[in-house]
Structure formats: C-alpha cells, structure tokens
2 protein chains.
Amino acid sequence: MTRQAPRPLTLRDVSEASGVSEMTVSRVLRNRGDVSKATREKVLLAAKQLGYVPNKIAGALASQRVNLVGVVIPSLSNMVFPEVLSGINQVLEDTGLQPVVGVTDYLPEKEEKVIYEMLSWRPSGLIVAGIEHSDASRAMLVAAGIPIVEIMDIDGTPVDCAVGISHRRAGRMMAQEILKAGYRRIGFMGTKMPLDHRARKRFEGLTEALAKGGIEIADQEFYSGGSALAKGREMTDAMLQRSPDLDFLYYSNDMIGAGGLLYLLDRGVKVPEQIGLAAFNGVELLQGLPQKLATMDSCRLEVGRTAAEIVAARVADPAAMVQRVVELTPKISFGETLRRS
Amino acid sequence: MTRQAPRPLTLRDVSEASGVSEMTVSRVLRNRGDVSKATREKVLLAAKQLGYVPNKIAGALASQRVNLVGVVIPSLSNMVFPEVLSGINQVLEDTGLQPVVGVTDYLPEKEEKVIYEMLSWRPSGLIVAGIEHSDASRAMLVAAGIPIVEIMDIDGTPVDCAVGISHRRAGRMMAQEILKAGYRRIGFMGTKMPLDHRARKRFEGLTEALAKGGIEIADQEFYSGGSALAKGREMTDAMLQRSPDLDFLYYSNDMIGAGGLLYLLDRGVKVPEQIGLAAFNGVELLQGLPQKLATMDSCRLEVGRTAAEIVAARVADPAAMVQRVVELTPKISFGETLRRS
DNA sequence: TTGAAAGCGCTAACAC
DNA sequence: GTGTTAGCGCTTTCAA
C-alpha cells in the first residue's frame with residue numbers, strides 16, 4: 001500500500017550521469033550561457049533518461065526570482081472570475097509567468113490570509129480583485145515591493161495599479177437608458193451587498209441617476225446562496241406579488257435576470273412592453289435564452305488581459321512606465337428586454 | 001512611477017529587532033517547540049511591527065516540506081471543475097495544505113507541461129482530473145513519489161489512487177431508464193469527444209446498453225466551443241429537421257440539454273410525451289428552468305472532498321492505508337423530461 | 001566554453 | 001528554553 005518515496009533527483013545526479021559539472025548542467029537546462037552542442041546533448045539525454053525534474057524551490061531561492069503571479073479572487077463559482085482568469089492566462093502563457101489562484105469567498109479576513117500566504121512565496125506580481133481591502137491587506141500589498149494590480153473596479157484609490165470598469169458609472173448608464181425608455185416604477189434585485197462592493201456601487205450609481213430623473217427605486221429584494229436562476233424566479237415572483245405595478249426590473253447579475261425573464265415568459269408577461277428587464281455582466285449563457293436580456297458587458301477578458309500585461313511589463317522592467325488606472329468602458333447590450341425610445 | 005523595491009525582510013531582521021536568535025524567532029513563528037511566553041511576545045511584536053512575511057521558499061527548501069497540493073483540471077469555464085475545486089478546498093482548508101490549480105484545456109501536451117511545472121515545486125500531493133494520460137505524464141506521476149489521486153473517472157488503471165464515478169456505467173444506467181420508459185428513436189448530442197474521455201465513455205456505455213435492448217442511436221451531433229445553451233438549441237433544431245421521428249434526445253451535458261429543452265418548449269413540443277430528454281452532471285442551474293431536466297449527478301463535490309481527504313491522510317502518514325479506487329454512484333434525477341414507466 | 005566557491009533564507013539536529 | 005552549526009538544491013560570480 002505504501003509507495004516508496006525515492007529521493008528526488010538533483011542536479012548532481014544529472015551531473016554524475018552525464019559527466020558534466022553541475023553548473024554546466026544547470027546552464028543547459030535553463031538555456032543560459034554558451035554550452036557546446038556536444039555537452040548540451042549529453043546533459044539533455046541524461047536528464048531525460050533519469051526523469052529529472054528541476055527543483056524550482058531551490059532555483060527560486062538561489063536566483064531570488066519566482067515566476068509566479070498571485071491572483072486573488074472572491075469566488076470560483078461565479079463564472080465571471082474564471083473568465084478573468086482566462087484573460088490572465090492568455091497573456092501570461094507567453095511570458096514564462098504562472099498564475100497561482102487564491103479564493104477569498106468575499107471575506108476580508110480570508111483575503112488577508114490568502115494574500116499573506118501568496119506573498120510568502122515571493123511572487124513576481126499580484127493581481128487582486130477589488131479595490132477595497134482591510135488595512136492589514138493594504139499594508140502587505142504596499143510592503144510587498146512587487147507590481148500589484150487591483151482589478152474589476154476603479155472607484156477608489158489603488159495601492160499601485162488598477163484595471164476595470166467604474167461600477168458606479170455602469171449603474172448610472174443603465175439608469176439613464178431606463179429613464180430614456182420611459183420606465184417609471186423600478187424594482188431592484190441583487191445579492192446581499194455588504195461585502196460585494198461592486199454590486200453595491202452599481203446599485204448606488206443606479207439610484208443616484210434615477211434620482212436625478214426624479215425617480216426612486218420602488219421595491220428591492222436581496223438574496224444569498226442557492227441557484228441564481230431559481231432565485232431570480234423566486235424573487236421576481238415575490239416582488240411582483242408585493243408590487244404589481246412595477247414596469248421595470250433591474251437585476252444585479254445576469255443569472256438572476258435570466259431566472260426573472262424565464263419566470264415572466266412562463267407567466268405570459270410581455271417583455272419589454274409590460275415589464276422591461278436589464279441585468280449585468282454580459283455572460284455567454286444569455287445567448288441561449290428565449291429572449292435576449294439587456295445587460296452590460298463587464299469586460300472580464302480584457303480586464304484579465306490588461307492586468308496581466310501590466311504585471312508582465314513591470315516584471316520585465318521594474319521601471320516600466322505603465323498607466324496607473326485603466327478604465328474600461330462597459331458596453332450596453334439592449335437585447336430584447338428594454339424598450340427602445 | 002517606479003515603486004522602490006525594498007529588500008524583503010528576513011528572519012535576521014526580526015531577530016535583530018527583537019534581540020532573540022533567528023532560530024527561536026523561527027520557532028515562535030511556526031509554533032514549534034517550547035518558547036517562553038515573554039520571548040514569544042517579544043518576537044511576535046517585532047514581526048508584526050516590521051511587517052515580516054516568512055519566506056516559504058527558503059522554509060520549504062530547508063525543511064523539505066511544501067504545503068502545496070497540485071490540482072490539474074482541463075478547464076475552468078466548465079462549471080463542474082470549479083465545483084470539484086470547492087470540495088478540495090473545503091477539506092484542505094483544515095489541514096494546512098494549499099491547492100494550486102493548473103489548467104490543461106483538454107490538451108495532453110499541455111497536461112504534461114502543467115504536471116511538470118507543478119512537480120518542479122515539489123508539492124505534497126497531486127490531484128489530476130481523468131485517468132487517461134500520456135506516457136510521459138504517467139511516468140512523471142509515478143516517479144514523483146507523492147500521493148497522486150486521479151479523479152472523476154475510474155474506468156481505467158490509476159497510477160496510485162482514483163476517485164470518481166464510472167462514466168460507462170452512468171451511460172448504461174441512463175440507457176436502461178430510456179429503454180424502460182419505452183423510447184425507441186434516440187438522438188445523441190455532445191461535445192466532440194476525441195479528448196474528452198469521460199464524455200466518450202458515457203457515450204459508449206449508452207450505446208452498449210441500448211444495443212442490448214436492440215436499439216441503435218438514430219442520429220448524433222457534436223459541437224465545440226461557443227455558448228453551450230445556444231449550441232443545445234441549434235443542435236436540437238438541426239437534428240429534428242434531419243430526423244423528425246426521434247422520440248428521445250440524450251445530451252452529454254446539462255447546458256446543451258437545457259438549451260434543447262428551452263428550444264422544444266419554445267416550439268410547443270410536449271416534453272416528455274412527444275420527446276423525452278436527459279442530460280448529465282446535475283448542475284444547480286437546472287433548478288431554475290421551466291421544466292426540470294432529467295440528469296445524473298456526477299458527485300463533483302464529493303469527488304473533490306474524497307480526493308483531498310486521501311491526499312491529506314497520506315501526507316500526514318505516508319504509510320496510511322487508503323482505498324485505492326473509490327467508486328461513487330451517480331444518482332439519477334428523473335426530473336420532468338423522462339416518462340416514468 | 002567550463003568549473004569552483006559562496007550563499008540565497010530558512011530549519012533539523014544537536015548542544016548548552 | 002535557547003543558541004549554534006550545517007546544510008536544503010540551486011544560481012551567481014568569478015576564475016580558468
């Protein structure tokens with residue numbers, strides 16, 4: 001039942017097997033410096049035959065260089081974060097840098113822990129979702145002395161760099177479209193927001209811009225946990241029971257929006273004539289719904305790509321000039337659930 | 001624009017600041033050995049004031065222990081893998097072990113690269129999705145001398161341990177239900193399968209068991225890329241145009257199944273009377289659909305948890321007796337799209 | 001083009 | 001309870 005744990009191979013083993021000094025073996029394996037073709041081949045052969053896998057721990061300690069980039073995100077179950085990861089991956093793949101993911105579950109204490117753990121591996125850079133952090137987290141980030149990119153939100157003061165959209169502005173933009181379309185009795189549904197700062201900012205932007213048009217949110221409902229699609233149905237049902245006169249429903253994410261849409265269609269409600277709908281994120285899923293939901297693109301892939309590019313540039317040249325705050329512009333997609341004026 | 005990169009703090013800095021030897025500082029910071037309360041507090045204070053973050057690279061090299069567990073999965077955009085990760089996380093959280101994720105995009109060459117990179121960090125264990133690997137990958141896994149758990153598929157010979165369901169059996173189980181319900185003209189839709197061994201095995205199990213009932217797949221269609229929900233619609237449309245006499249559609253995953261269901265409901269097709277439907281995975285999303293789709297649970301959370309438990313047990317005690325192959329049983333959920341006999 | 005020596009920051013093992 | 005010594009497996013630096 002026990003698997004024998006053989007002593008892992010070292011450079012020395014390859015050195016002895018090939019009759020070449022450890023130093024030269026190291027050079028061959030890293031493609032550094034000039035090594036004669038003959039030596040190179042001897043070394044490569046020996047390494048392959050032995051099945052040698054270099055020890056990056058020792059390498060990193062000796063060279064003081066680590067090809068790791070920490071990525072700290074709140075969740076993996078919300079599809080938006082894997083998408084950001086994809087963008088990061090795409091860019092890092094060509095740079096020799098490797099992302100290492102940490103998940104915080106939206107908890108500041110856990111974020112502290114994750115950041116601490118990551119920094120203890122001395123990564124070359126760190127990408128962190130959100131621009132709000134505990135004092136302790138900020139202090140660690142500042143002291144780390146590596147490129148830090150805060151992503152997905154630019155409403156605040158970044159530790160170092162920030163890439164993302166303004167969620168307040170996104171909320172305002174949607175509010176303006178809602179007003180322009182002539183909707184007046186507006187209901188809001190979303191996650192409980194104490195810790196989801198981006199959802200909160202969208203809500204604030206929305207209410208602020210609606211207020212300028214002389215309108216207040218007529219009803220609101222929050223959820224946490226469970227199947228978002230099902231929650232969208234439930235909340236929509238509950239809200240329309242309570243406030244049957246609503247003519248517009250804004251959902252803080254696409255999944256609950258999709259649930260709401262399916263619910264209304266089931267009921268034979270005419271969308272967008274009787275009730276208009278809009279959501280947020282622009283997830284791919286929406287493409288398959290019976291009716292296209294109005295939403296806003298949160299630029300997830302581009303956020304990831306840009307953040308990774310900044311890190312890569314700064315790793316390559318610590319003095320590189322990079323734009324400190326990159327604001328991306330969410331595009332509204334009107335779909336078929338928002339009356340056009 | 002440049003951020004000064006201060007020399008990172010070392011144990012020595014804490015030692016000097018606190019007037020305690022490096023060794024004792026190390027002991028305090030790791031909660032090892034007996035240290036007087038007074039010393040401990042002096043050290044902790046100094047460490048906190050300086051903002052010291054231990055260097056795990058040096059620690060790992062010195063102690064020959066790394067609290068990392070590699071997790072190799074094909075994709076992050078397919079929700080099933082984040083769910084497995086959740087299970088792994090839940091268990092590892094209490095053990096001091098940390099998952100490190102690598103993504104292969106279903107490509108064997110990339111899997112090799114990812115495994116190689118991971119092993120070069122000398123993790124304490126490795127969890128790999130799938131039981132099919134290139135010879136090179138297998139060789140590395142065998143030679144690593146650490147606990148290896150292959151997950152999500154047990155139809156094959158594991159390198160070390162395996163946890164998951166039998167996809168062949170899952171395919172057979174569903175076929176038996178389809179036959180029992182009296183469906184006869186069956187269409188299959190799924191991803192292109194050359195590299196998705198689990199989907200292929202489900203397909204094989206399905207056809208095999210149908211054959212025993214004297215039935216052959218009447219039509220089939222494969223896709224890759226794009227929004228799965230939308231693809232489900234498109235494929236269903238295409239297939240029913242081509243083979244209007246089908247009375248059952250089997251989808252190799254829930255997303256395309258959901259797309260197909262929405263399509264049929266749009267068209268006013270009576271499900272499951274006119275056409276029966278079934279899919280695979282048991283994702284949460286299905287809860288919000290207008291009609292509950294028949295599916296099978298792939299036990300993702302439990303797979304993750306069990307794999308992590310095995311790794312944790314073997315890390316704690318390399319001689320620990322663990323079950324080599326853990327077969328979980330997928331539960332059929334009949335939903336409302338499969339006629340009951 | 002190759003090799004030898006020194007040391008990265010920490011911990012195991014042993015002394016006191 | 002605390003300190004000292006000797007590496008961990010590599011890479012840097014310098015010499016040949």
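Within every chain, numbering begins at 1; the chains are lettered A, B, ... in the order of the sequence lines, protein sequences first and strands thereafter. All figures in this text were calculated on a predicted structure; none of them were measured in a lab.
Comparing atom distances between the Met23(B) side chain and each of dA12(C), dT2(C), dT11(D) picks out dA12(C) as nearest. The listed nucleotides are dG3(D), dC10(C), dG3(C); the one nearest the side chain of Thr24(A) is dG3(C). Side chain of Tyr52(A), nearest nucleotide from dA12(C), dT2(D), dC10(D): dC10(D). Between dG9(D), dT4(D), dT13(D), one nucleotide has an atom nearer to the side chain of Ala58(A) than all others, and that is dG9(D). Listed candidates were dT12(D), dG9(D), dT11(C). Nearest to the side chain of Thr10(A) is dG9(D). Here the side chain of Val35(B) is nearest to one of dC8(C), dG3(D), dT2(D), namely dT2(D). Closest to the side chain of Ser36(A), from the set dT2(C), dT11(C), dG1(D), is dT2(C). Ranking dA12(C), dG3(C), dT11(D) by closeness to the Leu11(A) side chain, first place goes to dT11(D).
When only modelled atom types and interatomic distance are considered, Ser26(A) and Arg30(A) share a side-chain donor-acceptor pair under 3.5 Å. Side chains of Ser36(A) and Arg40(A): a donor-acceptor N/O pair is absent below 3.5 angstrom, by distance only. For Glu112(A) and His133(A), the side-chain atoms include no donor-acceptor pair closer than 3.5 Å.
Residue-level contact check: Asp34(B) touches the bases, meaning some heavy atom is under 4.0 Å from a base atom. If you check every strand for non-hydrogen atoms under 4.0 Å, Arg40(A) touches nothing.
In this structure, Leu61(B) and Arg27(A) both approach DNA chain D, and ranking their closest nucleotides by distance from the 5' end singles out Leu61(B). Sequence order on DNA chain C of the closest nucleotides to Gln64(A) and Glu22(A) puts Glu22(A) first from the 5' end.
Here dG3(D) presents its P atom at 19 Å from CZ of Arg32(B), a figure rounded to the nearest Å.
Using a 4.5 Å heavy-atom threshold, the side chains of Pro99(A) and Asn89(A) count as touching.
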